[in-house]
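What you see below is based on every heavy atom in this structure, not just the backbone, and it leaves out hydrogens, waters and symmetry mates.
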Amino acid sequence: MVRSRYLPSIRAAGAGLAALALLASGCSDDSGTPSKESSRPASPSEEPSPDGTASAAPAKGSVKVERTITTGLRAPWGLAPLPGGDLLISTRNSGKIFRVDGRNGKKTELGQVPGVGASGEGGLLGIAVPPDDAKMIYAYFTTESDNRIVRMLYDSKKPRGDQLGAPDTILKGIPRGEIHNGGRIAFGPDKMLYAGTGESGEGGLAQDKDSLGGKILRMTPDGEPPGQGNPQSDSVVYSYGHRNVQGLDWDGDKRLWASEFGQNTWDELNLIRPGKNYGWPDAEGKTGRSGFVDPLEQWRPADASPSGLAVAEGSVWMAGLRGERLWRIPLKGTKPAARPQSFLDGRYGRLRTVVSDGADHLWLVTNETDSRGTPEKGDDRILKLKVS
């Protein structure tokens with residue numbers, strides 16, 4: 001599948017040849033395009049790091065689209081793998097959660113999350129499944145008054161559409177807006193629940209430590225402050241100064257990485273440390289200003305507008321919405337090992353979510369049906385990628 005509407009004529013011709021190869025072989029290879037954007041090195045870490053002895057990911061990686069798992073999704077947003085290979089997918093506008101068979105792509109509706117107020121960029125957003133309890137589903141969504149996180153019992157033996165229990169709200173009061181609702185949630189290696197929030201269009205909230213907006217939050221599965229590991233023992237705020245956090249994942253050394261929408265100048269990939277200030281609205285991108293943490297990498301919004309993020313094969317993989325591409329950022333510890341590469345440029349349109357299977361494969365969710373794309377037959381879809 002090639003979206004030549006997006007690519008310039010020369011690239012469209014090349015993409016057309018790639019599409020023929022895809023039809024012939026059933027998969028597609030992408031050698032990747034290195035970033036042409038030069039940038040200063042990130043600010044030195046204030047904490048010791050093992051970068052001197054860390055192994056570096058190869059400068060050049062690869063992406064192979066092995067297959068399309070399912071098609072016909074409407075405004076998909078979050079994805080959570082289940083034991084055994086099936087997937088849960090949330091749909092922003094309808095407030096519904098579906099189970100997708102990992103082998104044949106068959107979709108089963110679990111149910112509709114009550115209280116979802118889909119408006120603007122809000123709706124049913126991220127979902128997560130605890131590492132030790134596949135019968136519980138966590139969801140982040142927008143209501144008429146706030147953004148909140150709930151958990152629901154999941155019973156696959158009940159009739160379709162009625163498999164979700166009543167939501168138990170574990171955290172509420174996250175600022176809502178027509179824009180910048182954040183929404184990504186994930187369980188970390190420490191079994192704590194993390195959430196990326198937005199500042200709802202009010203930049204000052206990002207610097208207000210008493211607000212849940214423009215933050216990365218860390219909490220127990222019950223929505224309580226963990227007591228240890230957070231900057232303040234009685235607060236779920238983990239880091240602040242964020243504009244709109246959209247992606248969260250951890251590397252093999254349990255370091256947290258996050259992708260973030262910029263405004264007009266720089267989108268960001270950040271290495272997250274507790275209590276640190278990531279600058280918004282006083283700093284965007286790499287400024288070198290005292291008191292703020294510079295991003296590891298940055299992109300012009302036209303090339304990225306990042307959403308989901310996954311770590312696999314020693315690299316960060318970042319899905320781009322406006323940029324319509326998948327970025328690979330090879331790592332050497334806490335530093336970039338080489339310039340970012342882009343893959344799948346324009347082939348599948350807007351890319352919302354990317355999740356690692358824990359090895360050398362990724363699930364990638366497209367997002368052409370969210371009112372900002374140009375849907376084509378089969379949109380939206382989940383792809384299975386092999387990466388290196």
Decide yes or no for [X] and [Y]: does some side-chain heavy atom of the first lie under 4.5 Å from some side-chain heavy atom of the second?
X: Met219; Y: Met192; answer: no
X: Phe98; Y: Thr91; answer: yes
X: Arg148; Y: Ile170; answer: no
X: Arg176; Y: Ile174; answer: no
X: Leu271; Y: Val293; answer: no
X: Asp370; Y: Arg92; answer: yes
X: Leu193; Y: Ile149; answer: yes
X: Glu260; Y: Gln246; answer: no

In Å, rounded to the nearest 0.5 Å, how long is the span from [atom1] of [X] to [atom2] of [Y]?
X: Ser388; Y: Asp360; atom1: OG; atom2: CG; result: 8.5 Å
X: Leu364; Y: Leu344; atom1: CG; atom2: CG; result: 6.5 Å
X: Ser235; Y: Leu217; atom1: OG; atom2: CG; result: 8.0 Å
X: Ser371; Y: Asn93; atom1: OG; atom2: CG; result: 7.0 Å
X: Ile127; Y: Leu87; atom1: CD1; atom2: CG; result: 9.5 Å
X: Ser90; Y: Ile97; atom1: OG; atom2: CD1; result: 6.5 Å

- Message: Using side chain to side chain donor-acceptor pair (under 3.5 Å), reason through Thr108 and Arg99 one step at a time and then give a plain yes or no.
- Response: CA-CA 5 Å; Thr108 300; Arg99 181 170 182 151; over 6 Å; no
- Task: Establish, for the pair Arg255 and Trp250, whether the NZ or CZ atom is under 6.0 angstrom from the six-membered ring centre and no further than 45 degrees off its axis.
- Result: no
Side chains of [X] and [Y]: is there a donor and an acceptor less than 3.5 Å apart?
X: Asn264; Y: Glu284; value: no
X: Ser259; Y: Glu268; value: no
X: Asn367; Y: Arg350; value: no
X: Trp363; Y: Asp357; value: no

- Residues Leu309, Trp257; criterion side-chain contact (heavy atoms from CB on, under 4.5 Å); working and verdict: CA-CA 8 Å; Leu309 175 153; Trp257 299 86; 4.2 Å; yes
Tell me whether [X] is salt-bridged to [Y], with the criterion being a basic N under 4.0 Å from an acidic carboxylate O.
X: Arg160; Y: Glu109; result: no
X: Asp282; Y: Arg289; result: no
X: Asp190; Y: Arg218; result: yes
X: Asp51; Y: Lys332; result: no
X: Asp379; Y: Arg381; result: yes
X: Asp222; Y: Arg151; result: yes

Distance flag, aromatic centroids of [Y] and [X], threshold under 6.0 Å:
X: Tyr194; Y: Tyr238; answer: yes
X: Trp280; Y: Phe292; answer: no
X: Trp299; Y: Trp327; answer: yes

- Query: Going by the angle between their ring planes, with limits at 30° and 60°, are Phe343 and Trp317 parallel, tilted or perpendicular?
  - Reply: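 Phe343 vs Trp317 ring planes: tilted.
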- Message: For Tyr278 and His242, take the angle between the two ring planes, folded into 0 to 90°, and tell me which bin it lands in: parallel under 30, tilted 30 to 60, perpendicular over 60.
- Response: parallel
- Any chance you could lay out the side chain to side chain donor-acceptor pair (under 3.5 Å) test for Thr265 and Arg300, step after step, and finish with the verdict? CA-CA 6 Å; Thr265 309; Arg300 298 296 183 185; 5.1 Å; no
- Task: Start with the C-alpha gap between Leu326 and Asp345, add the side-chain angles, then the distance that decides, and say whether side-chain contact (heavy atoms from CB on, under 4.5 Å) holds.
- Result: CA-CA 7 Å; Leu326 179 67; Asp345 295 25; over 6 Å; no
Expected output: side-chain [X] to main-chain [Y] donor-acceptor under 3.5 Å:
X: Thr353; Y: Trp77; answer: yes
X: Tyr138; Y: Phe187; answer: no
X: Asn230; Y: Ser233; answer: no
X: Thr169; Y: Leu171; answer: no
X: Lys191; Y: Asp132; answer: no
X: Asp380; Y: Thr369; answer: yes

Minimal non-hydrogen separation, [X] against [Y], with atom names:
X: Thr70; Y: Gly105; value: OG1-O, 2.8 Å
X: Asp86; Y: Asp101; value: OD1-CA, 3.5 Å
X: Asp146; Y: Lys172; value: OD2-CB, 3.4 Å
X: Ala57; Y: Gly314; value: CB-O, 3.4 Å
X: Glu121; Y: Ile179; value: OE1-CA, 3.4 Å
X: Pro336; Y: Glu297; value: CB-OE2, 3.4 Å

Do [X] and [Y] belong to the same hydrophobic cluster, where Ile, Leu, Val, Met, Phe, Trp and Tyr are linked whenever their side-chain heavy atoms lie under 4.5 Å apart, directly or via other members?
X: Leu73; Y: Phe141; result: no
X: Val355; Y: Ile185; result: no
X: Ile329; Y: Val311; result: yes

- Message: Before you tell me yes or no, could you show the steps for Thr197 and Tyr140 under side-chain contact (heavy atoms from CB on, under 4.5 Å), namely the whole-Å CA-CA distance, both residues' side-chain angles and the distance that decides it to 0.1 Å?
- Response: CA-CA 10 Å; Thr197 74; Tyr140 181 119; 3.9 Å; yes
- Task: Would you mind telling me which of Lys384, Glu66, Lys386 makes a side-chain hydrogen bond (donor to acceptor under 3.5 Å, both in side chains) with His361?
- Result: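 The single option meeting the side-chain hydrogen bond (donor to acceptor under 3.5 Å, both in side chains) with His361 is Glu66.
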